[in-house]
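Heavy atoms only: backbone and side chains are in, while hydrogens, waters and symmetry mates are out. For the single chain, residues carry numbers from 1 onward in sequence order.
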Amino acid sequence: MILSSELSTRGRLSRPGFWLRHLIAVPIALWVVVAAGHSPGAPYDVPLALVLVAMLVSIWGRRLHDRGHSAWWLLAVVVPVLGALALIVEAGLRGTAPRGDRFGPPTGLRAHYLSVSGAPTQATQP
């Protein structure tokens, strides 16, 4: 299911995937939360707002994983202005090569990025 993958905190998220979600999915979700808040009846905006927050934590956490950092770095937003700026800069940088299998395989990397001297990597034959 698409929603469960968007709320997962495991894995990595490439730069294009990160920014695409912020340009399309987040504004739509925010619009749904605001529209639910203005609708008559029970307050449906609170559960939807919690889903939006979970989606944002997932998006930012997976992007930080692609940079080689833990999602705990999201706590940097407690530092006014500087914390948010540091996270935005970090999200805009290129993903890192994997160090072990901590966050899963890297996303969006070309084969020559993983080579030592720019020589293309060759697949090993079993």
Side-chain angles (χ1 to χ4, degrees):
M1 182 176 190
I2 293 175
L3 184 61
S4 65
S5 67
E6 286 302 315
L7 297 178
S8 171
T9 56
R10 297 188 183 269
R12 296 169 177 247
L13 188 62
S14 65
R15 273 187 300 182
F18 174 80
W19 293 114
L20 187 66
R21 282 168 176 79
H22 274 289
L23 290 174
I24 296 173
V26 171
I28 291 172
L30 188 59
W31 180 81
V32 168
V33 169
V34 171
H38 290 294
S39 66
Y44 296 113
D45 57 339
V46 174
L48 291 173
L50 292 175
V51 170
L52 176 62
V53 168
M55 187 174 82
L56 285 170
V57 167
S58 169
I59 291 170
W60 280 87
R62 288 184 292 149
R63 180 65 197 136
L64 285 170
H65 288 173
D66 194 46
R67 288 284 304 136
H69 301 299
S70 168
W72 286 104
W73 275 54
L74 290 174
L75 292 176
V77 297
V78 241
V79 178
V81 182
L82 293 178
L85 286 175
L87 284 175
I88 289 171
V89 168
E90 192 66 35
L93 297 175
R94 187 177 190 175
T96 60
R99 291 181 220 131
D101 214 8
R102 184 174 172 196
F103 301 120
T107 58
L109 298 179
R110 294 175 291 280
H112 72 276
Y113 180 69
L114 297 176
S115 65
V116 175
S117 64
T121 58
Q122 296 179 1
T124 58
Q125 302 271 336

Write down the atom of [X], the atom of [Y], and the distance for their closest heavy-atom approach.
| X | Y | value |
| --- | --- | --- |
| G61 | A71 | CA-CB, 3.9 Å |
| R63 | D66 | NH1-OD2, 2.6 Å |
| L52 | V26 | CD1-O, 4.4 Å |
| H22 | P27 | O-CD, 3.3 Å |
| L87 | V77 | CD1-CG1, 3.4 Å |
| L48 | A36 | CD1-CB, 3.6 Å |

Could you tell me the separation between the [atom1] atom of [X] and the [atom2] atom of [Y], rounded to the nearest 0.5 Å?
| X | Y | atom1 | atom2 | value |
| --- | --- | --- | --- | --- |
| I59 | L64 | CD1 | CG | 12.0 Å |
| I24 | W19 | CD1 | CH2 | 14.0 Å |
| W60 | I88 | CH2 | CD1 | 5.5 Å |
| L74 | E90 | CG | CD | 11.0 Å |

Do [X] and [Y] belong together in a cluster built from hydrophobic side chains that touch within less than 4.5 Å?
| X | Y | answer |
| --- | --- | --- |
| L56 | L30 | yes |
| L50 | V32 | no |
| V78 | L85 | no |

query = Between the main-chain N or O of G17 and the side-chain N or O of R21, is there a donor-acceptor pair closer than 3.5 Å?
reply = yes
